[in-house]
Every structure is written in structure tokens, then in C-alpha cells.
Visitor: 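First the structure, then my questions, so here it is.
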4 protein chains.
Amino acid sequence: MTAPANFCSDNVTGAAPGILEALVRANAGPQAAYGEDEAGRRLEARMAEVFETEVAVLPVATGTAANALALSVASPPYGAVYCHEAAHINVDECGAPEFYSGGAKLVPLPGEQAKLTPETLAGAIAGAGVVHHVQPAAVSISQASELGTLFRPAEIAALAEVTRRHGLALHMDGARFANALVALEVSPAELTWRAGVDLLSFGATKNGALAAEAVLLFGGLRDKLEELRYRRKRGGHLVSKGRLLSVQLEAYLADDLWLRNARQANAMARRLAEGLAALPGVALRHPVEANMLFPRLPAPVIEGLRAEGFRFYDWGEDNGIRLVTAFGTTEAEVEGFLAAARRLSGASAAA
Amino acid sequence: MTAPANFCSDNVTGAAPGILEALVRANAGPQAAYGEDEAGRRLEARMAEVFETEVAVLPVATGTAANALALSVASPPYGAVYCHEAAHINVDECGAPEFYSGGAKLVPLPGEQAKLTPETLAGAIAGAGVVHHVQPAAVSISQASELGTLFRPAEIAALAEVTRRHGLALHMDGARFANALVALEVSPAELTWRAGVDLLSFGATKNGALAAEAVLLFGGLRDKLEELRYRRKRGGHLVSKGRLLSVQLEAYLADDLWLRNARQANAMARRLAEGLAALPGVALRHPVEANMLFPRLPAPVIEGLRAEGFRFYDWGEDNGIRLVTAFGTTEAEVEGFLAAARRLSGASAAA
Amino acid sequence: MTAPANFCSDNVTGAAPGILEALVRANAGPQAAYGEDEAGRRLEARMAEVFETEVAVLPVATGTAANALALSVASPPYGAVYCHEAAHINVDECGAPEFYSGGAKLVPLPGEQAKLTPETLAGAIAGAGVVHHVQPAAVSISQASELGTLFRPAEIAALAEVTRRHGLALHMDGARFANALVALEVSPAELTWRAGVDLLSFGATKNGALAAEAVLLFGGLRDKLEELRYRRKRGGHLVSKGRLLSVQLEAYLADDLWLRNARQANAMARRLAEGLAALPGVALRHPVEANMLFPRLPAPVIEGLRAEGFRFYDWGEDNGIRLVTAFGTTEAEVEGFLAAARRLSGASAAA
Amino acid sequence: MTAPANFCSDNVTGAAPGILEALVRANAGPQAAYGEDEAGRRLEARMAEVFETEVAVLPVATGTAANALALSVASPPYGAVYCHEAAHINVDECGAPEFYSGGAKLVPLPGEQAKLTPETLAGAIAGAGVVHHVQPAAVSISQASELGTLFRPAEIAALAEVTRRHGLALHMDGARFANALVALEVSPAELTWRAGVDLLSFGATKNGALAAEAVLLFGGLRDKLEELRYRRKRGGHLVSKGRLLSVQLEAYLADDLWLRNARQANAMARRLAEGLAALPGVALRHPVEANMLFPRLPAPVIEGLRAEGFRFYDWGEDNGIRLVTAFGTTEAEVEGFLAAARRLSGASAAA
């Protein structure tokens, strides 16, 4: 019998077996320290294939480091970075973007379903050339968003039209990039540089790596790689046994592991969503587009699920919760959760 | 037959097998993200045993992060941190201590064998209370030093006498702490807080971990753990799958793995030193106390060794080189190097 | 005949004659450099009298420096500073608070008439103790606000009740402190520390000084003066001929000059407001409580006034403008403006 | 009879009368706030005349602000700024360059008479392109130096040859620029950009202004003015009544006031030096080239001078003192000091 699932986040799971095995394999024999290893060189070539364009790649161990480093070359210390008010960079990184940029200001903007719109963005950009104001420098969007919603290529292009008009860089926080990619059934290129993205925080940890992300620079921004390398070292993010990161990312991209992992996570989220939607008194607060869902459940059901050992976070008011599936989430776990929810829901209705 | 050894650094080697195995074992099953896992709790208890005192522990992935974070709570932005001019924090971290501290000034001081002396230190501390000068805040020493030399407990105590008199914190960069410890045959407590050390960057990566270090805070400085936790997150160093770090450190400390690894590295360094010292025209520029040696070899010998595939760095002028052994260095590798050196040396003398 | 008035801001005017004369008088004879002069010592005693309590005083030349320095000792780099979204520190200081604090985050909040309410504030404070979030550290209010509205002592006390409950510091940006003080007819003590203010940016430049402000620290925050002195020097704000600042502030406080100046500015604003309110098609968008008014005027009237040489800023949409009076604003200037407005208004109505 | 002189520094004196009068004159009538005034525009044109080339000018109130702002656009946060170990930026600014640059590292170098040599500089520049090291970015020299010695144009050109070869910016801290200029009898252009200087902190405060300096950018560095304007605002150094600074600088440059002031200060230093050199037991430790002298006097003479009310600083060991003359130093003050020194010297010798 399956243990009650933990849906707190997609990083409660360990690494995917294929990635761990690659790490173990790569461990034998000496390698040049500090990332000048063979796997590092292979990684850049592989990313160019995946994204169908030349791309500069800077591996780091955490998503916060990737985001903060990316923004540090997209904004001067006196710059403004526009983002959704719920953005991870604004809410969940303890000020890392401010730290790495030397004090740039995140300008939090509203938007339905945690998504920035071109209209809101265009209305917020102000102060260019006026010495009293921080200077518009960059825009950051999360793909998938903090509510699990997605930006279509056309939506990104509409935002990019605004950033280009104002000379701003467009950054994408892709902590769940693979989940978005497989959900939208588009190519990595279509979802990024072809739509106008200049910098991507390419996430792997939530989707199967142990601890590996990468900053990807497209087009003219590739020139910033040199600067980024110093900033990474200065931030303490240059790991001495550099293959640690590049090997993970290489294995992540090999044999479509990343896409298979993301498809599994998304499929489990859909199955959970469909199962819950069929229950009385349950509403899904946001569209379920990737691997996150935000249902409202009757309070006794929530309590009952927790009492049986299921784990998840409360989210907002009125009995909202957040469920996040991952590459390792199994059908048995999902069915176990739904069975318990149905049972508790029936008892609750009967009471 | 053994391949020619790579003596460039102790981080050209991968992780020790025991540590990798622990990582693989810990990978199964969900765990709370961001370090609140069981291994994290066990680690703090284990460190208290090892150091025979209560100690606050903050795991991070790199030595630069450990050093910079430690100094960020030991010095205000307007503080002075005194260190040897050759110190890793001064030379090899691309300004990470300045970054994390918000701009503190490292004051580089001379000293034989890369060691700070109480006299030099006492003579350099100046400006306290004068608003034009950065304010004396901390002292940092490297154990082992950048030249592989060691501070005895009494030497540390003599430095600590100066720091205490001036109200400064004493930080030890222990990237090679285990190598120093087993060489001096003292206890971790004697080498740190009993001698007056307030903060320790406890290194594990160079001695067998994949990527794991920890900031250790002793005595009154333990109060800074809370602040350090925010600074770590803000620096992008809170890994989401936190067991990654704590499991490595736990395995590192288990069954004296760390001490056995360090003894092997040191023994191989001694053996190399003895073998080289017996050759004509070879001089050892610094005492070989841990796992580093800095011989001068005849130029043709150096060239010949490189031609045969041995790897190491030039160091300083006049045919100086640096050789670093690690936990994975074998007798066969050492003997292979010495045999080649003898052969080349004979050929060189005959020429 | 009086030249058309310039109502752009209260810093378009030069210094009050009494302050310039004091500067000239103080110029003779040598003085210890860097603020250790007699006037500096006298200033601290004088401020204690004015505020009826011991107070630590740090003179600087600009309001931005005063605000940013004050906040740098009220928030750690990983702190959150709550303020109104229209606050000068958030909008008009090009990120100075972020710079001086090492990257703290300003959290912009809504509020009618540019005033923060206890309810909004209490609802926004979040994340304490959670390592992913910036930590609640301080609240900043502007007195007078950016829309010329005022906080009564009871309103400040209600905000202070919230800050005290959460352990936050309460900062007041008093660029127009004197204007608020005389308008409310309360004492400096009632408007600050007795109501719960911990740090005050005491403005003088807009009300008669050439360039002089001071950070005032009350109660337990006085201990931060030492730190502030280093931060001021480090910010390049320790002027070598220190009497420059202290002499201005001393003259500002002497013979109630500051109160007389503020009363004149406020009276002129009231007179302008009453005169404008009597005109057809004119509305005052915000209560006129200090020395700023935000009328809406018919477009032809605005154009006509500008054509006649009057100067002021557009403010918001729908023909809004901002008029700011100062200590040097004369009745003749006000009457000249009103006469023109009436004339243009009549012409406009007749058209 | 003349009061005993104060030779502690050239900023113990107030402002030159001509400068104060200009301030008073400029005070009447409204002016656009924040430096967009007429005097500001005139100043840039005037500086171009003085320096015989187009120059970008950023006025600020202090020398520390000028130096730190200049270096903030000459070095990235991960840059190295080479300077003499006795440089004001390294010793006397409480870390302001580190603060404004976001943590750049000052690399202190030795050199006789507080002067950097091309050989020492060339030997110190290291690490370019290596990610572990801060990146060579700028060199800063003080003219006059902290020991009152001067760099001839040819000496500057020799340093500039090194900076150009390595792609570094050359900054001159000209707190005593006028003193150097008149002593060397060269043109402002010859002493700066023609010799290879890229950025100049143009000092006026020590030579007659109340509080006024300017960052001057030459050649390609002029493009950094835009960035500097944001950094100045962000540092709290944009004074609202901007004419305060530009009027001082304008008056400083008018009618050769700055040159006349500097000649007077230098002449008084020479006269002091000659008078002291004639006394038994007195040695001048450094060449007296501008307005500072560093004599060694018999201890009883030093004590006696202080007892009679003369003021000056001890400097170094063995009865060294520092005497600084200023534009306001009179012959009577110098003769009074020398008479007392002679009298005390005779008494001391007789004893």
C-alpha cells in the first residue's frame, strides 16, 4: 500500500534516478576544478541544440541564485525591475535580487492568475531619464507562474513588445520551465528567445535534479556571460567540483528525461484536478495548466486528509490549499489522495 | 599501471565513495524542503559532539560562501577584516567577503609562511572610534594556510589574545581543517574555540565531500545564526533539497571518514616531500605540514613531468611548483611521480 | 510690481536671510574640521530643548541622505520597510534607501490622501521568522505627506501601536516637519516620540536653510548614533567644514525662525486655496493642511497662467496642478496669482 | 597681535570671502531646484575653458563623495582599484569607495613619498580574466599626495602608460589640485587628460570653498555622466538648492581666485619650511612641494608650541608633526609660529 503523498512542493522529492546515476558515474577520476571540465563544455553545445540558437550558459545550484544573478546583469543598482506582486523574486527570495543587483528596486504589479499583462506593464513603466527615479531596466515573468498558470508564446511576445519599446531586458524565471513547455506543446525556442525572452533561469531541481539550474543568455545578452562568471564566483556559487552541476544538467536533458519528468508531473496534476472537481463543495481557484492546483475543500476534508498523513500547504483564505505534483508522483499516490478525499467528502456531506 | 597523477588541487578528485553512497541512500522518499529535514537536525547534534560544545551550524555548498557569510556577521559594512595578504579570502574569492559584508575592507598583512603573527596584527589594528577609518571588526586566519603551514593551538591563542583585547571576532578559514587537525594531533575543540576561534568555515569538499561546507559559530557568536540564515537565503545558498548538504556532512563525520581521508592526504604529501628532498637540485620552499608541498625542481624535470602527463601548478618564480595531495591520492600515484622525477633528475644531471 | 510667482516647490527659494547671515558670521576664524565644532555641540543641546527629551542628532546636507541614513540603521539588508506607495523614499530618491541599507525592500502600500493607515499596515506585515521572506523591520511615514496632508498625534500613535506590536521602528520623513507642526498646533514632542516615532528626518532646507537636515534618534534608537556616524562618513556626507550644517540648523531654530517661516508658508497656501476655491470650475483634490495644494483648474486658465510667467507642476490627470508655497512666498505673489486666475477664469467662462 | 595659528588642516579655515559673497548674491530670487540652474550650465562651459577640452562635470559637496562616485563608474563591484597604501581613499574615507562601487577592492601599494611608481603598479596588476580574482579596473593617485609631494606630468604619463596597456581607468584625487597646479607651473590640461588622467576629483573646499568639489570626466569617460547623475542622487548628494555648489565653483574659478589662494598657501608652506630648516635639531621628512610640511622638532619645542596655543597634528614617530597651510594663512601667522619655534629651540638647546 502506498504511503500518503506529500504534495507540499515539487522539491520534497529527491533526485531522479538517472541524474543520481550520472553523478555517481562522473565521480571517478580527476577533473579540472571550477567548472572547466568536459561536461561543462558539452553542456553549452547541448543547450544550443535544445534552444536552436547560440546561448551562453551559467550553471548554479539554486533557483534563487539563477534569478538574482540574471537580474544583476539586467539592471544597474539604480534600476527598476517590474514583476508580478506574487513573483518568487519579489516574495520568496529574501531580497536576493536586491542583494545581487546592488539595490535595484522590484516594482510589484497586479495581474490576474499571477500573470503580468502588457497593459499593466506599459502603464507602470515610468521615470526614464529623470534623476529622482530608479531607471526602468528589466521585466521578470515566471513560467509557470506562482499559481501554476502559463504564458503562451503570443502573450510573451506582447510583453516583449513593451520591453523592446522601452529598452528593457525580459527575464523569465523558469523554475518550472519544463512543466510549461510540455503543457503548451511548443519548442524551447518558441517559449523563449523567439518570443522575446533575453534571459532565462532554466530550472532543473524541481523536475528531477538534485540541485542544478542555469542562467541562459540569448542574443545580445550573451555578452554578459563574462560579467556573470565574476558575479557567480563573488556570490560563492562557483562549485569547485564543477561537474556536480554540469553532469546533472546533461543527464537532465539526455533522452528527454526532463520532458518525460514534466509530463508525468503535469499528468498527475490534471488527474488530481479532475478527481477533486467531481467532489461536492470543491472548487479550483485557478486554471490547472502545469503541475500545481489550488482547490478549495470543505474544512473537515482538509483536516481529515492531514489526519491521514497527507501533506500540503494552506493557501489563501476560505479553505484554500495548494497541491504540487512532481516527476516522482505516482498514480497510486494520486488515487490514494482522491480516495481519501472522496471518503471524507461523503462523510462530511452526510454529517 | 597507474595513470600520471593530477596534483593541481585537492578538489580535482570527486567525492569519497562513502559520501556518494549516503547521498544515494538519502534520495529515497520525500523530505521537507529547504533544510528542515532530519539530517539537518542530526548534524547540529553531531557537530556538538565533535567540538565538545554547543555550536550553531549553517551548511552551504562552497568554501567561498562559508567564508563570506561568516565574515558578513563578524563585520559591519564599515568594518576592517585583518588577514594575511595571501589569504584565500583576499586573493581567490573575487571579492566575495566584500560583497556579503556590504563593503567591509580586508586589510592584507605580511607574515612568513603565509601566517599572521600577533605582533604584526597588533601593529596593524588602528582607527577604532575615529570616524574617518573603517572600524576594526575581525581577523581571519587559514588553517591550513595557503602554503600548507599550520597554526598550533598556542599560536591561535596568542592571536586570540590580540583580538579579544580589541573586541574583534576571530575567524578560521578551515577549508583544510581536517588536514590540520590530524597533522597536529589535537582535538577539534583545542584547535578552535578553546584557543579563541569564534567562527569556523568547516571545509569538507577538499577532503571528500561533493560540495559541502559549514559555517560554525561558537560561544556568543551563536546568536548570529538567525541572521546568517537570512543572509544565506538572500545569497541564494539555501538549497531546496537540503539533505544534499547535511547528508554529505553527516557521512563525512561518520566513522572518522574525515580523519581517515585527511591522514591519507597528509601521508601522501609527506611521502612526496621525502622522495623529492632526496633528489639533487630540489628544495622545499615551505615546511610540509599538511597536504601541500612547494618544491623547486630543475626546469628540465618540471618539463619532463608535464610531458609524461603529470599535472600541477607553477608557483612563484625560480621553478617553484605546488603539489596538493588528497584523500584519494594513492601510494602508486606518489611512487609513479617520484620514479619519474628521479629518472628525469638523473637525466638532467647527466646532461 | 511683483514678478509672477514660482510655486514649483519649496526649494526653489534660496536660504532665509537669517540663516545666510549666520553662515557669514560663523565663517571667521579657524574651527576644528569635520563637525567637532562648537556649533555642533550646541545644536544637540538645542534639539533636546525643542523636543523636550534627550535626542541624538546627525546633521546632513540633504533630505535623501537623512532618510536613507535613518533607514540604514532601522533595517538590516534583509529587512522590509513599509511605506505609502507615493512616499518620497519610494518614488523620488532613486533607490537611496536600498543603497544605504544594503538592499532592504520598500513595501509600497495604498492609502487615501497619501496616508498609511494602521489597518493597511497591520495587514501587510508578514513573513517574520520565515527565511524565504524579507524581515519586517521598519515603517516610514511622511509628515506632511506627499499630498500635503497631515498625521495627527493620535493617528501616529495608532500606527505606532502596530509597529510596537511587531517590533518595528517608526520613521518619520519630516522634510516639511515645521509646516506640519505649526498647522497642527502641537509640540515637537507630541508629534514625534510621545506618539511613538523612533527616528525623524528633520527637514530645514525646504523651510529656509540653504542645505541642512538632521537625523534625530529618540529613546533606545539613540544608541545607533555611533553607527550612523560611520555610515554618514562612508556615504560622503561628513562635510569637512562642519559648521556649515550646524550653524544653519542653529539659526533655523533660533528665535522661532523655523516656526515663523512655516506659518508664513502655510498661511500663503490657505490664502491661495481660499482664493482658488471661490472660482468656478476649480476643485481642490486634497485637503490643504500645510503648504501644498492640488487644485484642478480649467485648461485655459492653466495655459494662461503659464503664459503670464507663473510656474508650477502638472499633477495627475484632468488638469490637476500642484502649488507649493514657501517661507518666502509673499501676499503680493499670492494675490498676483489669484488675480490672474480670476481674470483668466472669467475670460474662460465668457468664452 | 596675531593669534597662534591653527595648522591642523586646510579645512579648518572657513570659506574665502569672494565665495561667500557669491553665495549671498545668488540667494535672491527663485531658481529651478536640483541643479538645473543657470550657474550649473555656466560651470560646465567654464571648466571646458579651464581644461581646454570638453569635460563632464558633476558637482558634489565633499571630496569623499567625489572620489567614491568617480570610482563607482571606473570599477565594477568585482574590480580592483590600485592605490598607494597611504591614499585618502584607502585610509580616510571609512570605506566610501567600497560602498559606492558595490564592494570593489582597493589594492594598497607601497611607494616612497606616498607616490605610486609605474614599476610597482605594473608588478601588482594581476588576475585579469581569472574568475577567482577581482578584475583590474582602475588606478587612483593623489595630487598633491598625502605627504604633500607632487606628480609631474611625465610621472603621470608613465603611470598612464601602464593603465592604458592594461585597459584601466586613471583617477586623480585632486583635493589639493590647485596647490599642485601652481607649484608645478603647468596647465590644468597638462596635469590631467593630456598626461592620461581619465577622472579627476576636482577639489575646492580645502582651497577656499565652503563645501564644493566636482567629479570631472575626460574623453571617453564623459559617457559615464548619465550614470553618475543617478548614482549621485542615490547617494543623497543631489542638493535641492543646486546653485549652492555651482555658484561656489564658479566663484572659485573666477578671476583666478583658486590660483591665487593656492599660491598663498604654498608660499606660506615654503616660508615655514625655510624658517624651520634653519633651526637646530629640525629635519623635514618629505620634500615641501605644495602646502604641507612634515618636520621633526625637538620634543620640548613641540610641547612649547602647543602650550602657546599653536595647533597641529603629530605625524608618525620620533617627534614628527604635520603642518598644513591654507589660502587664509597669513605671513604674520607664519612669523608668529617661527618666532615661537626659534625661541623654544634656543631654550631647548640651552637646557
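Chain letters run A, B, ... following the sequence lines, proteins first and then strands; every chain starts at 1.
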Visitor: Nearest heavy-atom pair of C:Ser240 and D:Asn11: which atoms, and what distance?
Guide: CB-ND2, 3.3 Å
Visitor: Once you measure the plane-to-plane angle for D:Phe99 and C:Tyr100, does it fall in the parallel (<30°), tilted (30-60°) or perpendicular (>60°) bin?
Guide: perpendicular
Visitor: Tell me, for D:Leu210 versus chain C, whether the close heavy atoms (under 4.5 Å) come from the side chain, the backbone, both or neither.
Guide: both
Visitor: Aromatic rings D:His237 and C:His237: how do their planes relate, parallel, tilted or perpendicular, breaks at 30° and 60°?
Guide: parallel
Visitor: Counting only non-hydrogen atoms closer than 4.5 Å, does C:Ala15 touch chain D with its backbone (N, CA, C, O), its side chain (CB onward), both, or neither?
Guide: both
Visitor: For the atom pair CD (D:Glu93) and NZ (C:Lys233), what is the distance rounded to the nearest 0.5 Å?
Guide: 6.0 Å
Visitor: Relative to chain C, which segment of D:Ala209 carries a heavy atom at a distance below 4.5 Å: side chain, backbone, both, or neither?
Guide: backbone
Visitor: Could you have a look at D:Asn67, D:Thr205, D:Leu69, D:Leu244 and say which one has the most heavy-atom pairs with chain C under 4.5 angstrom?
Guide: D:Thr205
Visitor: Go through C:Ala65, C:Ala61, C:Pro17, C:Gly235 and name the one with the most non-hydrogen pairs under 4.5 angstrom from chain D.
Guide: C:Gly235
